[in-house]
Amino acid sequence: MATAPKLTGLARKLILDGLISEETAISVQQQAEKEKHSFIKQLVANNALSAQKIAVAASQEFGIPLIDLSVIEQESLPLDIVDQKLIQKHHALPLFKRGNRLYIGIADPANQIALEEIKFQSGTNTEAILCEIDKLDALIDKMLDTRDTGMEDLMDEDLDDVEFSDEDEHSKEEADTSDIDDTPVVRFVNKVFLDAINKKASDLHFEPYEKRYRVRFRIDGILREVASPPLNMAPRITARIKVMSKMDTSERRIPQDGRIKMNISKSRSIDFRVNTCPTLFGEKIVLRILDASSAQLGIDALGYEEDQKQLYLDALANPYGMILVTGPTGSGKTVSLYTGLNILNTEDTNISTAEDPVEINLEGINQVNVNTKVGLTFSTALRAFLRQDPDIVMVGEIRDLETAEIAIKAAQTGHMVMSTLHTNDAPQTLARLINMGVPPFNIASAVNLIIAQRLGRKLCPECKVVDELPKEALLEEGFTEDDIAAGLTIYKAVGCEQCDDGNKGRVGIYQVMPISEEMGRIIMQNGNAMDLAAQAEKEGIDDLRRSGLKKVKAGVMGLKELNRVTKD
């Protein structure tokens with residue numbers, strides 16, 4: 001039996017102050033040790049406690065002064081005194097210098113090694129000042145990005161100096177001949193890519209029309225036009241992106257797929273998945289920004305309710321069976337699956353995935369890109385996995401009966417299988433498998449859990465205001481008399497300098513449905529999706545709408561946004 005980790009002085013302080021429970025502290029400490037994070041970083045990553053409350057408690061416990069980084073003038077930071085590698089290594093930022101004393105911003109009061117190493121390297125006496133970890137991390141990343149890449153300058157003068165790796169020799173030669181006299185196009189494309197990253201866009205659209213050319217970003221699930229370059233630049237912009245993606249620039253009649261790796265600093269690179277499609281007035285290009293760090297956030301950061309999270313963790317703990325995640329494109333299915341795989345990714349587990357294409361690269365997982373042109377389909381890859389001593393198999397999507405049958409047989413013969421489908425909710429997923437031709441008995445015996453999900457925009461905490469709605473309207477939206485009697489308060493988006501339109505970031509809305517014995521009976525009796533939905537309601541399983549209403553009650557999301565993503 002594993003022994004509980006020794007809790008730090010800060011953990012004991014948080015427990016005594018009633019800010020977290022002892023069970024939470026032990027769980028966070030164990031996860032921090034596994035992920036090789038600090039206790040404070042893991043607390044914030046798990047949404048167990050706000051960075052501000054942690055900083056105040058740490059300041060009281062250790063007697064270290066606390067500073068609000070928002071009052072610091074960034075231009076005055078003495079960054080040149082301390083080596084950049086030390087700042088990155090310890091996440092400790094020099095804030096100001098008084099005589100021979102250098103004041104260092106840290107989030108973890110136990111991080112004395114940082115002060116000693118900075119003292120030795122800088123030749124100054126060092127003194128710690130506590131900062132909120134989220135603000136400190138954001139400021140350090142911003143400062144290092146600026147120093148590494150001159151990002152502020154890139155936005156104006158050195159846009160042609162951004163590096164793109166993994167280009168083969170042919171691509172480099174083609175780039176040299178095609179772009180040597182087309183610097184403005186190179187600079188424009190680089191600027192658009194950097195803008196997309198800075199604005200946390202998920203997709204970029206380059207769209208040619210008869211009389212105009214436009215560029216749009218998908219930010220928090222909503223498309224917004226960000227640029228309209230001259231129409232005569234369209235062919236050159238397309239050629240530039242195709243060269244970067246290692247596509248055939250002479251082929252304009254059929255869609256093509258490619259990939260770009262963009263190095264924006266010494267420590268940070270971004271991958272883009274690229275697709276072209278011939279349209280009436282030229283080739284439309286869409287790029288998906290792939291962020292591997294999203295799978296490292298941890299299950300607590302995804303927005304599951306506590307009971308939903310436990311159901312997912314219980315299903316992951318099973319040695320065999322099938323977990324299905326369903327929802328429209330862009331609803332976060334891949335992140336949900338990879339979060340589960342990341343939990344299961346241990347030295348004693350063999351994990352293989354087949355995807356079209358691989359979006360998130362994780363060490364320790366054997367990932368295969370499906371390639372139908374050479375006969376490497378989902379079903380072919382799945383057959384190969386089953387001959388390679390697998391423990392866990394992930395199939396990017398179940399699209400046909402052959403793949404479904406192989407996946408279900410694998411789940412029935414001692415393997416954990418994870419996959420996705422495109423259906424509107426969890427009960428419809430079972431109906432879809434039956435419609436594919438999968439025998440009901442196999443579905444009932446193989447499927448353990450179905451997760452339906454959507455992504456909705458979170459309200460900006462800085463500017464949200466109370467949304468005054470009459471009782472009748474609240475009841476019509478799905479709230480109960482008990483909700484209203486308990487003093488229901490909901491909020492709506494406004495908009496401020498900290499956000500775009502009153503929303504900032506996204507959070508998941510989930511329907512997590514384990515397959516109970518009664519549901520199995522309904523499936524074997526050829527019950528339809530409505531029968532399964534009625535049984536799920538009897539068992540107390542929240543559908544997407546009820547799950548979303550909980551987010552609205554908690555002030556995380558506005559009612560307008562919930563209506564947008566649930567459509568009922």
Side-chain angles (χ1 to χ4, degrees), residues 255 257 315 318 320-329 331 333-334 336-337 340-341 351-359 366-388 390-453 511 513-517 519-533 535-536:
D257 292 299
N318 286 328
Y320 56 87
M322 182 178 284
I323 297 175
L324 296 173
V325 181
T326 182
T329 301
S331 60
K333 298 188 298 295
T334 301
S336 282
L337 282 177
L341 289 177
I351 304 176
S352 297
T353 74
E355 302 166 73
D356 184 20
V358 173
E359 293 191 7
N366 308 291
Q367 298 169 285
V368 173
N369 262 325
V370 168
N371 186 346
T372 53
K373 292 180 182 178
V374 298
L376 181 55
T377 62
F378 282 120
S379 56
T380 306
L382 195 47
R383 284 196 184 93
F385 292 163
L386 296 178
R387 293 192 289 271
Q388 295 216 326
D391 296 302
I392 299 162
V393 171
M394 195 270 270
V395 185
E397 183 183 348
I398 294 177
R399 297 176 178 171
D400 52 57
L401 177 59
E402 184 181 16
T403 304
E405 287 180 334
I406 299 170
I408 283 175
K409 285 178 182 176
Q412 291 172 328
T413 54
H415 307 95
M416 167 67 72
V417 179
M418 305 173 75
S419 190
T420 71
L421 283 93
H422 286 92
T423 57
N424 290 329
D425 61 15
Q428 287 185 35
T429 303
L430 296 169
R432 173 68 59 84
L433 290 172
I434 292 172
N435 292 338
M436 277 185 182
V438 180
F441 172 80
N442 285 339
I443 298 172
S445 62
V447 180
N448 289 342
L449 184 76
I450 302 176
I451 301 173
Q453 66 181 76
Q511 179 184 25
M513 189 178 84
I515 307 305
S516 63
E517 289 185 12
M519 285 187 187
R521 276 194 285 272
I522 292 172
I523 294 167
M524 292 175 64
Q525 293 168 3
N526 294 315
N528 57 31
M530 293 177 64
D531 298 328
L532 291 165
Q535 179 60 31

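Below, all heavy atoms of this structure are taken into account, side chains as well, without hydrogens, waters or symmetry copies.
Not counting sequence neighbours, the partners of Arg399 by the side-chain hydrogen bond (donor to acceptor under 3.5 Å, both in side chains) test are Asp356, Glu397.
The minimum heavy-atom distance between Thr403 and Val395, with the atom names listed, is CG2-CG1, 4.0 Å. When every heavy atom of Ala315 is checked against every heavy atom of Ile323, the shortest pair comes out as CB-CD1, 3.8 Å. Closest approach of Asn318 and Met416 over heavy atoms only: O-CE, 3.1 Å. The two atoms that bring Pro440 and Met524 nearest to each other are CB-CA, 4.0 Å, heavy atoms only. When all heavy atoms are compared, the tightest approach of Leu376 to Val370 is O-CG1, 3.0 Å. Shortest non-hydrogen contact noted between Met436 and Ala404 is SD-CB, 4.3 Å.
Using a 4.5 Å heavy-atom cutoff, the side chains of Ser516 and Met519 are in contact. Residues Thr334 and Leu337 are not in side-chain contact: their nearest non-hydrogen atoms beyond the backbone lie 4.5 Å or more apart. Using a 4.5 Å cut-off on side-chain heavy atoms (C-beta onward), Leu386 and Thr413 make no contact. Side-chain contact check for Arg432 versus Leu324: every heavy-atom pair is 4.5 Å or farther apart. Residues Arg383 and Glu402 are in side-chain contact: their nearest non-hydrogen atoms beyond the backbone lie under 4.5 Å apart. Using a 4.5 Å cut-off on side-chain heavy atoms (C-beta onward), Leu430 and Ile515 make contact.
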Please evaluate residues Ile450 and Leu421 with respect to the criterion side-chain contact (heavy atoms from CB on, under 4.5 Å), reporting the C-alpha separation (whole Å), side-chain torsions for both, the decisive distance (0.1 Å), and the verdict.
CA-CA 10 Å; Ile450 302 176; Leu421 283 93; over 6 Å; no

Do Val438 and Leu401 pass the side-chain contact (heavy atoms from CB on, under 4.5 Å) test, and can you show the C-alpha distance, the side-chain angles, and the key distance before you say yes or no?
CA-CA 7 Å; Val438 180; Leu401 177 59; 3.9 Å; yes

Set out, in order, the CA-CA distance, both residues' side-chain angles and the distance that settles side-chain contact (heavy atoms from CB on, under 4.5 Å) for Met394 and Glu355, then state yes or no.
CA-CA 8 Å; Met394 195 270 270; Glu355 302 166 73; 3.9 Å; yes

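Here the CG atom belonging to Asn528 is positioned 11.5 Å from the CD1 atom belonging to Ile523, to the nearest 0.5 angstrom. Distance check, rounded to the nearest 0.5 Å: CG of Leu433 to CD1 of Ile443 gives 4.5 Å. Here CE of Met513 is found 6.0 Å from CG of Leu532. Values are rounded to the nearest 0.5 Å. The distance from atom OG1 of Thr380 to atom CG of Asn371, rounded to the nearest 0.5 Å, is 11.0 Å. In this structure, CG on Asn442 lies 11.0 Å from CD1 on Ile434, to the nearest 0.5 angstrom. Taking OG1 from Thr326 and NE2 from His422, the interatomic distance works out to 7.5 Å, rounded to the nearest 0.5 Å.
The backbone N or O of Ala426 sits less than 3.5 Å from a side-chain atom of Gln511, completing a donor-acceptor pair. Asn448 places a side-chain N or O within donor-acceptor distance of the main-chain N or O of Tyr320, the cut-off being under 3.5 Å. Judged purely by atom type and a 3.5 angstrom limit, Thr429 has no side-chain atom pairing as donor or acceptor with the backbone of Thr423. In terms of modelled atom types and a separation under 3.5 Å, the side chain of Lys333 and the main chain of Ser419 share no donor-acceptor contact.
Judged by distance alone, the side chains of Gln388 and Ser352 never bring a donor and an acceptor atom under 3.5 Å apart.
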